[in-house]
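In what follows, a single structure is set out as structure tokens and then discussed.
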Protein chains: 2
Amino acid sequence: MALFTSQGYDATSLRQIADRLGFTKAALYYHFPAKEHLVIELTRPWLDAISNLIALNQSAPGMDEGTRRRRLIEDYIDIVLAHHAVLRFLTQDAAATKHPDVGRRALTLVLALQDALLGPDADDAERIRVGCAIGAVHSTAMMDESTLAAARPIIVSVALGVLGLEQSASSAS
Amino acid sequence: MALFTSQGYDATSLRQIADRLGFTKAALYYHFPAKEHLVIELTRPWLDAISNLIALNQSAPGMDEGTRRRRLIEDYIDIVLAHHAVLRFLTQDAAATKHPDVGRRALTLVLALQDALLGPDADDAERIRVGCAIGAVHSTAMMDESTLAAARPIIVSVALGVLGLEQSASSAS
DNA sequence: GTCTATAGGCAGATAGAC
DNA sequence: GTCTATCTGCCTATAGAC
């Protein structure tokens, strides 16, 4: 992950990875059938987490719309913060972005999240605002791990503000 | 640019570029000394525009802090919208991100913009908010050109809101 | 499970004719 | 300015010994 993130997927060779891990390229192929499976497995936990989040959200019972959206964006922020390294990699790497099981899947999931954050009858302006909110959340990919710990409440406040869901109390997850 | 954006820099070969342009690899090398110069020239206008913006902002005379920041973020939004294709490419491609004259320069410039959007005595929380605002602006990279035309006022409103610079009237640039 | 050795391909870049 | 032909190198992936 460190190599992929610092150099990009295409620019990172199996030789470099094997050297870092202390064995040879051939040994890598005993554990993974191809290079792309390395990045699939590295990103799967994050993708599964989002997939889960959306599934749970859809099967939610009759719940107030405002709190539903608030919980959704807050939970997404927690996922993004928990998988910081994955987001940093994915938002930067075009090669990963193009892969069906990685970037394409990520795009589909984020678009689904975007839809879930909208009501069924939202206009283009609201779509753009939601896109901005997600962009603000994803800006954490650029931050270093140290400032990230204290960042959560601020990110939550910004995202809720952009979405028009401000609320002063009860934001613990 | 189309090939770089859709496939990534590393994954795009000079053969593909030459084929698309209707001549051969060797002819490319008459006009550009190396592959990396293609991406340098493609991104230079955007980078120069930001560089200019920051330089002009620094040499501004005694001006109200609020309007200074408002103008700065609005002008940046205009640059981002005008160079939409460049931003889309740069935010996605790790290979470009690593190049000193492209991604590194872009990072330096965006950080300088971030500093310029802060007062000299801002805390970490304010830093994060500014980062979120820029993230929201950069989310336009994900939008398609059609919805982009109508997006400007919404982006401006979101960014000013996150920065705490809301103002109802006089937002024409 | 890890190794050495190598196959097979395509990349970026150059030489030199026209 | 564009071409054909080619060099050199590294890449992913595989074969087969241990």
Side-chain angles (χ1 to χ4, degrees), chain A residues 1-47 85-107, chain B residues 1-47 85-107:
Chain A
M1 178 67 102
L3 288 169
F4 283 153
T5 302
S6 66
Q7 305 179 325
Y9 173 79
D10 282 331
T12 301
S13 71
L14 293 174
R15 170 144 151 54
Q16 283 178 300
I17 296 170
D19 284 356
R20 173 77 69 102
L21 293 174
F23 43 63
T24 64
K25 281 191 296 172
L28 264 180
Y29 275 96
Y30 176 81
H31 299 281
F32 297 92
K35 183 184 180 183
E36 61 178 358
H37 282 255
L38 291 169
V39 76
I40 291 175
E41 297 308 324
L42 280 171
T43 55
R44 190 195 299 278
W46 184 66
L47 294 166
V86 177
L87 182 74
R88 168 174 253 145
F89 167 62
L90 273 184
T91 55
Q92 278 182 359
D93 199 295
T97 300
K98 309 310 170 190
H99 193 287
D101 295 340
V102 181
R104 292 281 266 265
R105 190 180 165 209
L107 185 61
Chain B
M1 179 67 103
L3 288 170
F4 283 152
T5 301
S6 67
Q7 305 179 327
Y9 174 78
D10 282 330
T12 301
S13 71
L14 293 174
R15 171 146 152 52
Q16 282 178 302
I17 296 170
D19 283 356
R20 172 78 69 102
L21 293 174
F23 44 61
T24 64
K25 278 193 298 174
L28 265 179
Y29 275 94
Y30 176 81
H31 299 282
F32 298 92
K35 183 185 180 184
E36 61 178 357
H37 282 255
L38 291 168
V39 77
I40 291 175
E41 296 308 324
L42 281 171
T43 56
R44 190 194 299 277
W46 184 66
L47 294 166
V86 177
L87 181 74
R88 168 174 253 144
F89 167 61
L90 273 185
T91 55
Q92 278 182 359
D93 200 297
T97 300
K98 308 310 168 189
H99 193 288
D101 295 340
V102 182
R104 292 281 266 264
R105 188 180 167 209
L107 186 61

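Any value given below was found using the heavy atoms of this structure, including those in side chains, with hydrogens, waters and symmetry copies removed. So you know, we letter chains A, B, ... as the sequences are listed, proteins then strands, and number each from 1.
Between D:dC3 and B:Thr24, a contact under 4.0 Å exists linking OP1 or OP2 to a side-chain N or O.
In this structure, the side chain of B:Thr91 engages the main chain of B:Arg88 through a donor-acceptor pair within 3.5 Å. Side chain of B:Thr43 to backbone of B:Ile40: a donor-acceptor contact under 3.5 angstrom is found. Put simply, the side chain of A:Asp10 never gets that close to the backbone of B:Asp10: no donor and acceptor are under 3.5 Å apart. At distances below 3.5 Å, at least one donor-acceptor pair connects side-chain atoms of B:Tyr9 with backbone N or O atoms of B:Glu36.
Going from atom CG of B:Leu28 over to atom P of D:dC3 covers 10 Å, rounded to whole Å. Distance, B:Phe23 CZ to D:dT4 P: 13 Å, rounded to whole Å.
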Atom pairs under 3.5 Å, N or O on each side, protein against nucleotides 11-18 of chain D: can you list them with distances?
unit_1: D:dC11; atom_1: OP1; unit_2: A:Ser13; atom_2: OG; d: 3.4
unit_1: D:dT12; atom_1: OP1; unit_2: A:Lys35; atom_2: NZ; d: 2.9
unit_1: D:dT12; atom_1: OP2; unit_2: A:Leu14; atom_2: N; d: 3.0
unit_1: D:dA13; atom_1: OP2; unit_2: A:Tyr29; atom_2: OH; d: 2.6
unit_1: D:dA13; atom_1: OP2; unit_2: A:Lys35; atom_2: N; d: 3.0
unit_1: D:dA13; atom_1: O5'; unit_2: A:Tyr29; atom_2: OH; d: 3.1
unit_1: D:dA13; atom_1: N6; unit_2: A:Lys25; atom_2: NZ; d: 3.1

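Here the CG atom belonging to B:Leu38 is positioned 8.5 Å from the CD atom belonging to B:Glu41, to the nearest 0.5 angstrom.
Residues satisfying the side chain to side chain contact (heavy atoms under 4.5 Å, CB included) criterion with A:Gln16, sequence neighbours excluded, are A:Leu3, A:Gln7, A:Thr12, A:Ser13.
Residue-level contact check: B:Tyr30 touches the bases, meaning some heavy atom is under 4.0 Å from a base atom.
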